[in-house]
There are 2 protein chains.
Amino acid sequence: MRDELARFLSKHLEIDDGLEAALSDASLTRSYPKGAILLREGEVARLSYFILRGCVRSYVLKEGVDITLAFYVEEDPVLPIGYGSGEPSGHFLECVEDTVAVASSPELEASTLVRHPELKAACLAMSELMAAKLQESLARYRALSAEERYEDLATRRPDLLQRIPQYQIASYLGVRPESLSRIRRRLSVKRRPA
Amino acid sequence: MRDELARFLSKHLEIDDGLEAALSDASLTRSYPKGAILLREGEVARLSYFILRGCVRSYVLKEGVDITLAFYVEEDPVLPIGYGSGEPSGHFLECVEDTVAVASSPELEASTLVRHPELKAACLAMSELMAAKLQESLARYRALSAEERYEDLATRRPDLLQRIPQYQIASYLGVRPESLSRIRRRLSVKRRPA
């Protein structure tokens with residue numbers, strides 16, 4: 001069976017056998033059960049991930065309260081904050097579903113790019129896309145009210161509302177679960193035809 | 001006089017005369033006075049910037065209220081949200097100070113990378129650094145209270161508190177100017193030795 005990462009990348013660039021072999025050497029496709037913790041606060045993040053199937057949540061614990069930073073799903077790269085810095089991580093990464101992901105490390109990435117510089121363009125495109133998405137997330141989070149954030153999420157990412165438990169959606173939107181229930185009730189009244 | 005962008009990049013990589021000429025062709029170093037608007041909501045963002053001197057603020061107007069998304073200073077790349085998408089922009093870019101910046105476009109960037117693939121590694125590093133900073137900003141904004149955001153900013157970026165008007169700092173922290181004054185008073189009492 002073709003390496004899952006190579007199969008994904010072949011949608012975007014020409015993958016010959018040499019490159020496919022290099023990709024298998026440079027990464028490791030692994031399966032993680034729902035609930036698996038990929039990174040704990042205080043640990044040094046030595047691995048980054050590229051999700052092939054499933055969902056990973058990034059969160060912090062602040063005075064015992066769980067605050068969701070991000071959800072990552074199929075074809076999302078997961079770069080832990082501080083990845084490659086050697087500093088202890090300030091956040092957790094947890095599998096919200098059974099997850100299949102490609103793991104890599106800064107050393108493996110660097111040596112793969114030296115041997116296969118043709119991958120640089122794909123890495124650059126992926127990194128720029130990631131930066132663009134993050135800019136948009138930050139703008140939305142700053143500019144929208146909790147209710148607007150919910151409506152925006154329901155429009156842009158209806159799949160997340162199906163896949164993720166309510167209390168985690170609430171923590172992602174920056175509200176308490178009771179407030180999310182109120183928002184949902186208000187919106188369902190607003191949308192009901194008169 | 002050596003091109004300012006080439007001078008900056010030469011800190012990070014070998015710049016020969018051919019590459020320096022290509023950089024001058026691919027970009028345009030421009031001066032903008034304080035208050036200049038580089039991008040308006042509704043316009044298509046055709047240019048990105050790299051700041052050599054000065055400060056640029058990104059903001060949205062929401063029901064007449066000005067919400068600051070980001071400040072960009074020396075050696076920061078400024079990629080407007082939706083840059084390269086052809087969609088009208090949802091935000092403004094304004095020079096907070098007299099600013100000197102290198103402007104470029106997706107077409108110029110692409111043709112420069114074709115002719116000078118050795119620049120890809122620097123672009124990748126810059127893009128990864130930008131994504132990492134954005135992840136940290138988003139995590140801070142989600143996880144910290146307004147008072148904690150102020151303390152964090154005062155520790156990490158004391159220069160911004162000196163350079164930026166108070167009401168823009170308030171809007172960046174997501175509080176009203178009166179609340180920022182209260183936060184500053186509370187912290188100055190807290191820090192005063194007993």
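What you see is a predicted model; the values in this text were computed from it and never measured. Order of the sequence lines fixes the chain letters, A, B, ..., with proteins taken first and strands second; residue numbering starts at 1 for each chain.
Using a 4.5 Å cut-off between side-chain heavy atoms of Ile, Leu, Val, Met, Phe, Trp and Tyr, with links allowed through other members, A/Tyr83 and A/Val78 fall into different hydrophobic clusters. When hydrophobic clusters are built by joining Ile, Leu, Val, Met, Phe, Trp and Tyr residues whose side-chain heavy atoms come closer than 4.5 Å, directly or via intermediates, B/Leu124 is grouped together with A/Met126. B/Leu173 and B/Leu187 end up in the same hydrophobic cluster when Ile, Leu, Val, Met, Phe, Trp and Tyr side chains are linked at under 4.5 Å. Cluster membership check: A/Leu119 shares its hydrophobic cluster with B/Leu119, using side-chain heavy-atom separations under 4.5 Å among Ile, Leu, Val, Met, Phe, Trp and Tyr.
When heavy atoms are compared at a cutoff of 4.5 Å, A/Tyr172 approaches chain B by way of both its backbone and its side chain. Residue contact with chain B, scored on non-hydrogen atoms closer than 4.5 Å, is absent for A/Glu118.
One finds the CD atom of A/Glu136 at 12.0 Å from the CG atom of B/Leu138 (value rounded to the nearest 0.5 Å). If you take SG on B/Cys123 and NZ on A/Lys120, they are separated by 11.0 Å, rounding to the nearest 0.5 Å.
Of all the heavy atoms in A/Ile81 and B/Ala139, the pair that sits closest is CD1-CB, 3.7 Å. Closest approach of B/Ala131 to A/Leu134, counting heavy atoms only: O-CD1, 3.4 Å.
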- Message: Before you tell me yes or no, could you show the steps for A/Gln135 and B/Met130 under side chain to side chain contact (heavy atoms under 4.5 Å, CB included), namely the whole-Å CA-CA distance, both residues' side-chain angles and the distance that decides it to 0.1 Å?
- Response: CA-CA 10 Å; A/Gln135 281 210 98; B/Met130 186 179 165; 3.8 Å; yes
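Heavy atoms from other residues, nucleotides or ligands lying under 6.0 Å from CZ of B/Arg40 number 12 at most.
For a heavy-atom cut-off of 4.5 Å, chain B lies close to A/Val60, A/Lys62, A/Ile67, A/Thr68, A/Leu69, A/Tyr72 in residues 42-75 of chain A. Contacts of residues 174-185 of chain A with chain B at a heavy-atom distance below 4.5 Å are absent; not one residue qualifies.
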